[in-house]
Number of protein chains: 2
Amino acid sequence: MRVTQQDIARLANVSQATVSRVLSGDARVETDIKDRVLAVISETNYQIDVRARSLRSKRTGLIGLVVKRPPGGLNDDPFFANLISHIMDFLAGRPYHLCVEMVSSASSQEAVYDELLRTRRVDGLILVESEARDERILRLQAEGFPFVLIGNPVEERESTIWSVDNDNVLAAKTATEHLREAGYQRVGLLAGPKGITVSDDRIEGYRQGMSGSDCDDLVWHCDFGFIAARDTASDILRSPSRPDALLVLDDFMAMGVVLAARGQGLFIPEDLGVASFNDSSLCDLFERGLTSVSLNIPQIVRTACGRLLKIIEEKPIYGPRRMIIPTELCVRGSTTRRDL
Amino acid sequence: MRVTQQDIARLANVSQATVSRVLSGDARVETDIKDRVLAVISETNYQIDVRARSLRSKRTGLIGLVVKRPPGGLNDDPFFANLISHIMDFLAGRPYHLCVEMVSSASSQEAVYDELLRTRRVDGLILVESEARDERILRLQAEGFPFVLIGNPVEERESTIWSVDNDNVLAAKTATEHLREAGYQRVGLLAGPKGITVSDDRIEGYRQGMSGSDCDDLVWHCDFGFIAARDTASDILRSPSRPDALLVLDDFMAMGVVLAARGQGLFIPEDLGVASFNDSSLCDLFERGLTSVSLNIPQIVRTACGRLLKIIEEKPIYGPRRMIIPTELCVRGSTTRRDL
DNA sequence: CAACCGCGTGAATACGTATTCACATAATAA
DNA sequence: TTATTATGTGAATACGTATTCACGCGGTTG
């Protein structure tokens, strides 16, 4: 039936323990014995039983990715698909696989974390953009569960939680300054729901970019997703005191803004400048290109996953708990006015 | 430390075997004993050890989704993200979790299938849109590995493979006829790479929709992805004998066509009609809406996953091996001419 | 020369569960 | 009453691996 270490041992005239040692690269086994065992292994094309190893070693070889589903919507934002793609690239060739966990409601989120924590189905977790003061993170931490946060752990936890993030404050500041330098007078911000750290950080950066000028009435909040952004932007643009440029929380929402502008006969970039975050493939879908801040997702993923594996394998990690991946403003047509 | 069935047994004054029986819903245990055990279980908040159960029962509780990465590109097509979303919806609350497997090159694909087959890391697989005569599928089948194909298994395997698909021939025929009835004279087709079943099926449907008129010179092939489609469409539209309508393999590619048209000053739908497949959220990104064939992904996923679980659990399945999910043409602005 | 140590290996064990087997007890049939 | 069968439960075992423990052997040290 199935080839086991016992079979290998019999064929190679050694004990099962020795076979196990050879497989785990134990240095103490003699070279000729190791060779003999390896020969048998390759000619029987033996494959280790992941279940048995899991039971014995308490490792599953699975990495969990927890993504949050926007209420009422689907995860059709290219950001998630990209994230998954890059994680799989990183994991390819390593002895780990990706298990995707989706949480929708807050209660289901509680249950999912609880289940993950109790069953230890996965060896570690990548958490994405959690909310500012997430209690669940504290539980993971208290139980010593390996995880890396992609996002901002909020100040008081910076030194105790492994996290990878962009400097969203700086990125938003830079983008805001870019809009102002491009000649826009009333630069507004379309942020996400309140209480989401990534959104709050970018609001802060926007304020800095506005360098003290009173701008609170130019900040709007809106649910994630394309439709919500389109509808909100429609209202914003209809107002007599409408902004002449909008920094938007992500590309997907920015496409909603673009549509709302078109619907009202506003030209981009002349009547309305638009810039956003993520630099996803959506940016090319706007004819002259959408100015967007690249988060450098490949590097974020490399860093986060690399660290997670080290935590799991209890190897030393150098560098600060909180890693900041540099962003890059990609200027395209949506902020390049030709009328000035 | 960790609560085991042994502990439960001790506390409830029964044997570990009885605890196991209670947990698996064995009908033979006496009601009062069952209650006593359940009481102890709930007050200790015991959680079964998935590793041990896996070793013993040969089940992992994991469903694998194999997606193919387009060469050189990323999986930023909303189609995949949608698929994952819906699969997770289906799995939520059931004792299964989703493991994503990505294959890029053909050789890695071989290796991934091989590893999955040998280690049985997952209880079953959902395969998406495989190529027409995929050898790997035969191996899975030969080894009795549970899987369901989302796509077309090609004719000679229809009766032996569980598959869920749309009637792509009919869908393409209907879309083609819609374009012709909308008043377009030279309806073309932008298909995917050769040898992909979904593409071949839609070519066939397109031909039927053109009802015999010679249309081979109106069919173009192109790699997946937005960029490739944009560049190919640019060439097509520059030709003097350009089509005045294009049926495109998917929304993502269609957005590329839209851009190419805009780049040449062509108006949609007046100068060029555009229709495509998937009915993803991208369709709303085109200002007047992109006409698209809805594949009914939620139902595809429900059917495919439901069947996969039945195969895994060896329950009876009613209905044909090949299930056809109806499509629906969603007519929007990109084919609604106002000049006729 | 004796006591000791390092090294490589096999035997034994544990991981936590599901299931088979055996064994009481109670119910039924002769 | 006795023989026979259901029935519910515990004891025992197997799943395949990783690791500890014990042991033998050659070499070093006092």
Side-chain angles (χ1 to χ4, degrees), chain A residues 1-41 44-62 95 115 118-121 123 312-314, chain B residues 1-41 44-62 95 115 118-121 123 312-314:
Chain A
M1 195 47 228
R2 175 176 185 77
V3 182
T4 71
Q5 292 188 359
Q6 202 58 256
D7 303 326
I8 304 292
R10 205 175 308 120
L11 291 172
N13 265 324
V14 294
S15 72
Q16 176 265 326
T18 301
V19 177
S20 175
R21 282 193 264 261
V22 169
L23 284 169
S24 56
D26 193 314
R28 292 175 308 181
V29 283
E30 293 255 7
T31 315
D32 55 341
I33 291 196
K34 190 197 299 196
D35 291 346
R36 210 165 69 216
V37 170
L38 286 176
V40 176
I41 284 179
T44 53
N45 63 18
Y46 161 83
Q47 187 99 20
I48 201 165
D49 186 317
V50 288
R51 293 173 256 287
R53 180 176 46 191
S54 278
L55 175 59
R56 184 54 228 235
S57 66
K58 302 297 170 205
R59 296 272 173 79
T60 62
L62 291 176
E115 189 258 357
R118 298 233 302 256
T119 65
R120 309 247 161 170
R121 266 173 35 224
D123 293 338
I312 291 173
E313 293 165 4
E314 298 179 330
Chain B
M1 197 44 226
R2 174 175 185 75
V3 183
T4 72
Q5 292 187 359
Q6 202 59 257
D7 303 325
I8 304 293
R10 204 174 308 121
L11 292 172
N13 266 325
V14 294
S15 72
Q16 175 265 326
T18 302
V19 177
S20 174
R21 282 193 264 259
V22 170
L23 284 170
S24 57
D26 193 314
R28 292 175 308 181
V29 282
E30 293 255 8
T31 317
D32 55 341
I33 292 195
K34 188 197 300 198
D35 291 345
R36 212 165 68 216
V37 170
L38 285 176
V40 176
I41 284 179
T44 53
N45 63 18
Y46 161 83
Q47 186 98 23
I48 201 166
D49 186 316
V50 287
R51 292 173 256 289
R53 179 175 46 190
S54 277
L55 175 59
R56 183 56 229 232
S57 66
K58 302 295 168 207
R59 295 273 171 79
T60 61
L62 290 176
E115 189 259 358
R118 297 234 301 256
T119 64
R120 309 246 160 169
R121 268 173 33 223
D123 293 339
I312 291 173
E313 294 165 2
E314 298 180 332

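We name chains A, B, ... by the order of the sequence lines, and we start the count at 1 in each one. Values below: every heavy atom of this structure, side chains too, minus hydrogens, waters and symmetry copies.
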Between [options], which nucleotide has the shortest distance from any of its atoms to the side chain of [X]?
X     : options                : value
B/Y46 : C/dT17, D/dA11, D/dA18 : C/dT17
A/S20 : D/dG10, C/dT17, D/dT19 : D/dT19
B/V29 : C/dT9, D/dT9, C/dG10   : D/dT9

What is the nucleic acid contact for [X], judged by heavy atoms within less than 4.0 Å: base, sugar-phosphate only, or nothing?
X     : result
B/V19 : nothing
A/I48 : sugar-phosphate
A/I33 : sugar-phosphate

Task: Short side-chain donor-acceptor distance under 3.5 Å, A/Q16 and A/Q6 - done: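 The criterion, which ignores hydrogens and geometry beyond distance, is not satisfied for A/Q16 and A/Q6.
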Open item on the list: At less than 4.0 Å, is any side-chain N or O atom of A/T18 found next to OP1 or OP2 of C/dG10? Yes or no.
Closed with: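 Yes, such a contact exists.
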Task: Contact under 4.0 Å: A/T4 side-chain N or O vs D/dG16 OP1/OP2 - done: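 No, no such contact exists.
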Task: Residue whose closest nucleotide on DNA chain D lies nearer the 5' end, B/E30 versus A/Q16 - done: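 It is B/E30, whose closest nucleotide lies nearer the 5' terminus.
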Task: Angle by which the axis turns from one end of the helix from C/dC1-D/dG30 to C/dA30-D/dT1 to the other, five pairs per end, to 10 degrees - done: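 Here the helix ends are tilted 50° relative to one another.
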- [ ] May I have all residue pairs that pass salt bridge (Lys or Arg N to Asp or Glu O under 4.0 Å) and include part of residues 5-15 of chain B, sequence neighbours excluded?
- [x]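 Every pair satisfying salt bridge (Lys or Arg N to Asp or Glu O under 4.0 Å) with a residue in residues 5-15 of chain B: B/D7-B/R10.
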Task: Residue pairs fulfilling salt bridge (Lys or Arg N to Asp or Glu O under 4.0 Å) with at least one residue in residues 29-38 of chain A, sequence neighbours excluded - done: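 Matches after skipping sequence neighbours: none remain.
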TODO: Could I get the full list of side-chain hydrogen bond (donor to acceptor under 3.5 Å, both in side chains) partners for A/N13, not counting sequence neighbours?
DONE: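 Partners of A/N13 by the side-chain hydrogen bond (donor to acceptor under 3.5 Å, both in side chains) criterion come out as none, since no residue qualifies.
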Task: Partner residues of A/D49 under the side-chain hydrogen bond (donor to acceptor under 3.5 Å, both in side chains) criterion, sequence neighbours left out - done: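 By the side-chain hydrogen bond (donor to acceptor under 3.5 Å, both in side chains) rule, A/D49 matches no residue at all.
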Side-chain heavy-atom pair [X], [Y] within 4.5 angstrom cut-off:
X     : Y      : result
A/Y46 : A/V19  : no
A/R59 : A/I312 : yes
A/V14 : A/V29  : no

Could you tell me the separation between the [atom1] atom of [X] and the [atom2] atom of [N], rounded to a whole number of Å?
X     : N      : atom1 : atom2 : answer
B/I8  : D/dG10 : CD1   : P     : 14 Å
B/K34 : D/dT9  : NZ    : C1'   : 15 Å
B/Q5  : D/dA11 : CD    : P     : 15 Å
A/N13 : C/dT9  : CG    : C1'   : 13 Å
B/Q6  : D/dA12 : CD    : P     : 12 Å
B/D26 : C/dT19 : CG    : C1'   : 10 Å
B/Q47 : C/dT17 : CD    : P     : 11 Å
B/D49 : C/dC15 : CG    : P     : 11 Å

So, using side chain to side chain contact (heavy atoms under 4.5 Å, CB included) as the criterion, who are the partners of [X] when residues are at least two apart?
X      : result
A/L11  : A/V40, A/T44
A/T60  : A/S54, A/L62, A/D123, B/R51
B/R121 : A/V50, A/H97, B/C99, B/E101, B/E115, B/L116, B/T119

TODO: Please work out which residues in residues 50-60 of chain B have a non-hydrogen atom less than 4.0 Å from an atom of DNA chain D and list them by number.
DONE: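 Going residue by residue through residues 50-60 of chain B, the ones with a heavy atom under 4.0 Å of DNA chain D turn out to be B/L55, B/R56, B/K58.
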Atom pairs under 3.5 Å: protein N/O with N/O of nucleotides 20-26 of chain D:
residue : atom : partner : partner atom : Å
D/dT20  : O4   : A/R21   : NH1          : 3.4

Open item on the list: Just verifying a value: how many Å separate B/T18 OG1 and B/L23 CG, rounded to the nearest 0.5 Å?
Closed with: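 Those atoms lie 11.0 Å apart.
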